[in-house]
Amino acid sequence: MMRRIILFITLALLAIFLYGCSNNDAGGRNIAKPIVNVSSKSDSIDAAIYIDGTFSMAGYVNQQGSSVYSESLKNIERTITGGWKQEKIEYVKFGDSLQNLSREQFLQANHTIFYQEKDTSLQKVVEAMDANKLNIMVTDLFQTNQDIDSLIIALKKACFADESKAMAIIGVKSQFNGKIYDVGKNMLAFAYASNDEVESYRPFYLLIIGKEADVRFFAEAYAKNFDDDRLIKMNLLSKHMGCNVKLTSGKAVKNNSKERIANMAQISTMLGSNSDILQYRLKLDEKKSGFYATLTAEDVIGNCPDKFKRTISDVEKWQQTGKQKETGFLNKLMGKAANSFGNAEFVKVDHKDFLEILASDAGLHDTNANVPLQFIFNPLGIRKAEGKYRVKIAVLPDKDDYIESNNVFSDWNFQDAEISNPEDLSGMGNKTLNIDGFVKMAASLNYEMNQPGFYDIYVYLEALK
C-alpha cells in the first residue's frame, strides 16, 4: 500500500512539473517564434523552352564555329537537368505560329535554316504559356509593330497577378552576322556584323516566368555558365527583392530626426540567446525609445533601390486564448482554483503610430543588400500596456526609386528618337530598341500588383514599466 502511495505521489509531482513547464512562458521559453513560409525550388520541374524562329535571329548562328548564342541554348537544358531531380522539357518554336518541336528539331536551332518565320508577337507566346510550368522564352525582343503594351498586358495575367510568381530577364551578348528586322515604328531593317570585341556583340534575352523560387534558382545557376561578366546581365521582378532577409544590431545611421530617443536594451530572454531574431526591452515610462539595426538580404538579382520607406504589417501581443478551464485533478490536489486559459499565442492588437522606421542609403555588394535602419517606438501606440510583443514589418522602396533601380540594361538600350535617320542604324546593332522602357514598364506593373520589398521581418519586444 505504501509503495502505491509513493508511486502515486511521484507521478503526481512529475505531472505537476510537466504541466507547469508546458504552460509557463517565464523567461520567454514558450514564446512562439515566427513561422515564415520561405518557398524553396520544386523537387521536379516541368519546363517549356520557347525559341524565337524569326529571320532576325539567324545572325546569331551565322558564324564559323560555335557562338555564345549557340552555347547559351545548350546551357538552358544543362541548367534544368542539372538543377532538378526530375525534369520534363517541352520545346516550342514561335513566329508566324507556335510549333511544338522534338528535341532533335530543337537542336536545329544551331543552324540558320531554323529561322524562317516573319511575325514576332511576343504577347501571343506569353498568352500560350502554361501557368504551372517554368517558361523560358528566347528572343531578341524586336516585336512586329513594337506592341509593348500588349506584351505588358499578357505578362500581367501570366505573372504579376500571382504574387508567388516572378519574371527574370537575362540579357546575353553574342556574336552576330545577319540582318535585323522590325526596327521602330517604320519597321526598318539593316545588316549588322559584330567583330572580335565583346562590346560589338548583339544582345538577346531570356524571359523566365514561373514560381519565384524556381525562377531565382534557374537565373542564378544559368549565370554561372558565363566566365565573362560583360556577356550577361540579369534582372528579377517579383514580390521579394531578396532571400534570407534578417536584421542584425547596427550602428547609428544618418537621418533627419532631431528627437531625443532613449536607447533600448537588447535582450535574449524571449527567444533565447541562440536566436537570430532581434529582441529588445521597451520601457513604457520613456516617451520614445529605439535602436539601430541593419537589414541584410541575399540573392538580390539586378539592382537595389537606394532608398526605402516602411510599412508595419502587424503588431501582436502574447496572451492566453480560449475559454477558462475547469478545475482539474491537479489543481484540486494542490488546493488551487482554476485560473489558466487555453493555449497562449500571439494575437493582433490595435496600434497607432507605434513604430517609425528611418532608413539610410542602401548598399549592394555582389548580390547582397544592406539597409541601415533606425527603429523608434512610441509606447503610447500600444497604450503603455505591459506584455510581450512582436512586430512583423516589411521594408519597401518608393515607386519611383524602385522603377529607376530597374535600369540594368540601360547601356544596351536605344530609342526611336535615335533612328530618325536610317543611316544611324549601322551603329545600333549592339543594342536593343526600348529594352530599358520595357523593363521599367514591367517593373511599374510589378510594383502596383505586388509591392516589391523585403518581407517577413520580425522584432520581439518585452514591454515593462
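In this text the structure is predicted, and so the values were computed from the model without any measurement.
Judged by distance alone, with hydrogens and angles left aside, the side-chain atoms of D162 form a donor-acceptor pair with the main-chain N or O of S164 at under 3.5 Å. Of the possible donor and acceptor atoms, none in the side chain of D140 sits under 3.5 Å from a partner among the backbone N and O of M57. D436 places no side-chain N or O within 3.5 Å of a backbone atom of N413 that could act as its donor or acceptor partner. Between the D96 side chain and the K118 main chain, a donor and an acceptor come within less than 3.5 Å of each other. Listed for the S289 side chain is no donor-acceptor partner under 3.5 Å among the backbone atoms of M264. Between the N430 side chain and the S194 main chain, no donor and acceptor come within less than 3.5 Å of each other. Looking at N135, its side chain does come within 3.5 Å of a backbone N or O of K133 through a donor-acceptor pair. Side-chain N or O atoms of N406 include none that pairs as donor or acceptor with a backbone N or O of K440 at under 3.5 Å. Formation of a donor-acceptor pair under 3.5 Å by the K41 side chain with backbone atoms of G83 is found in this model. Without hydrogens or angle criteria, N110 side chain to L107 main chain gives no donor-acceptor distance under 3.5 Å.
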*Going through the distances and angles, do K157 and E127 end up as a salt bridge (charged side-chain N to carboxylate O under 4.0 Å, His left out)?*
CA-CA 8 Å; K157 183 178 180 180; E127 289 168 354; over 6 Å; no

Pair T54, F142 - check side chain to side chain contact (heavy atoms under 4.5 Å, CB included), show working.
CA-CA 10 Å; T54 55; F142 273 68; over 6 Å; no

Item to complete: Determine, step by step, whether K246 and E298 satisfy the salt bridge (charged side-chain N to carboxylate O under 4.0 Å, His left out) criterion, reporting the C-alpha distance in whole Å, the side-chain angles of both residues, the deciding distance to 0.1 Å, and the verdict.
Response: CA-CA 10 Å; K246 61 181 179 180; E298 301 172 356; over 6 Å; no

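Residues Y69 and V172 are not in side-chain contact: their nearest non-hydrogen atoms beyond the backbone lie 4.5 Å or more apart. Between L122 and M137 there is a side-chain heavy-atom pair separated by less than 4.5 Å. Using a 4.5 Å cut-off on side-chain heavy atoms (C-beta onward), F346 and Y460 make contact. Residues L155 and F438 have side chains in contact (heavy-atom distance under 4.5 Å, counting atoms from C-beta outward). Looking at heavy atoms from C-beta onward, I51 lies out of side-chain contact with L101 at the 4.5 angstrom threshold. Contact of the Y115 side chain with the F55 side chain is not registered, since no non-hydrogen atoms from C-beta on lie closer than 4.5 Å. Side-chain contact between Q63 and S174 is absent, with no heavy atoms from C-beta onward closer than 4.5 Å. Looking at heavy atoms from C-beta onward, R103 lies in side-chain contact with E77 at the 4.5 angstrom threshold.
With S66 as reference, E71 is the one residue of K74, E71, Q175 to meet the side-chain hydrogen bond (donor to acceptor under 3.5 Å, both in side chains) rule.
No more than 12 heavy atoms of other residues, nucleotides or ligands lie within 6.0 Å of NZ in K307, so this atom counts as exposed by the packing criterion. Within a 6.0 Å sphere centred on CD of Q64, other residues, nucleotides and ligands contribute 12 heavy atoms or fewer. Counted within 6.0 Å of CG on D196, heavy atoms from surrounding residues, nucleotides or ligands total 12 or fewer; the atom is thus considered open. No more than 12 heavy atoms of other residues, nucleotides or ligands lie within 6.0 Å of CG in D400, so this atom counts as exposed by the packing criterion. Counting heavy atoms of neighbouring residues, nucleotides and ligands inside a 6.0 Å radius, atom CG of N100 exceeds 12 of them.
Judged by a 6.0 Å distance limit and a 45° cone about the ring axis, K431 is not positioned over the six-membered ring of F414. Seen from the ring of F94, K124 does not count as a face-on cation partner, given the 6.0 Å and 45° thresholds.
Y402 and Y447 have tilted rings, their planes meeting at an angle from 30° to 60° on a 0 to 90° scale. Between F375 and F377, the two ring planes are parallel [angle under 30°; tilted spans 30° to 60°]. By the 30° and 60° cut-offs, the orientation of the rings of Y455 relative to H240 is perpendicular. By the 30° and 60° cut-offs, the orientation of the rings of F409 relative to W412 is tilted.
Look at E199 and R230 and you find a salt bridge, because one of the NZ, NE, NH1 or NH2 atoms lies within 4.0 Å of a carboxylate O, short of that distance. A salt bridge is absent between K348 and E316: the closest approach of a Lys/Arg side-chain nitrogen to an acidic carboxylate oxygen does not fall below 4.0 angstrom. Taking the charged nitrogens against the carboxylate oxygens, E356 and R310 have no contact shorter than 4.0 Å, which rules out a salt bridge.
The CD1 atom of I45 sits 13.5 Å away from atom NZ of K85, with the distance rounded to the nearest 0.5 Å. For the atom pair CD of Q279 and OG of S268, the computed distance is 6.0 Å after rounding to the nearest 0.5 Å. The distance from atom CZ of F217 to atom SG of C243, rounded to the nearest 0.5 Å, is 12.5 Å.
A donor and an acceptor atom, one from each side chain of N244 and D299, are nowhere located under 3.5 Å apart. Judged by distance alone, the side chains of N62 and T112 never bring a donor and an acceptor atom under 3.5 Å apart. Using modelled atom types and a 3.5 Å distance limit, the side chains of D214 and S42 yield a donor-acceptor pair. A donor-acceptor contact closer than 3.5 angstrom links the side chains of N407 and N303. Side-chain atoms of T432 and Y205 include a donor-acceptor pair closer than 3.5 Å.
Nearest heavy atoms, V215 versus G210: CG2-N, 3.4 Å.
Within the 6.0 Å centre-distance limit, the rings of Y60 and F176 are counted as a close aromatic pair.
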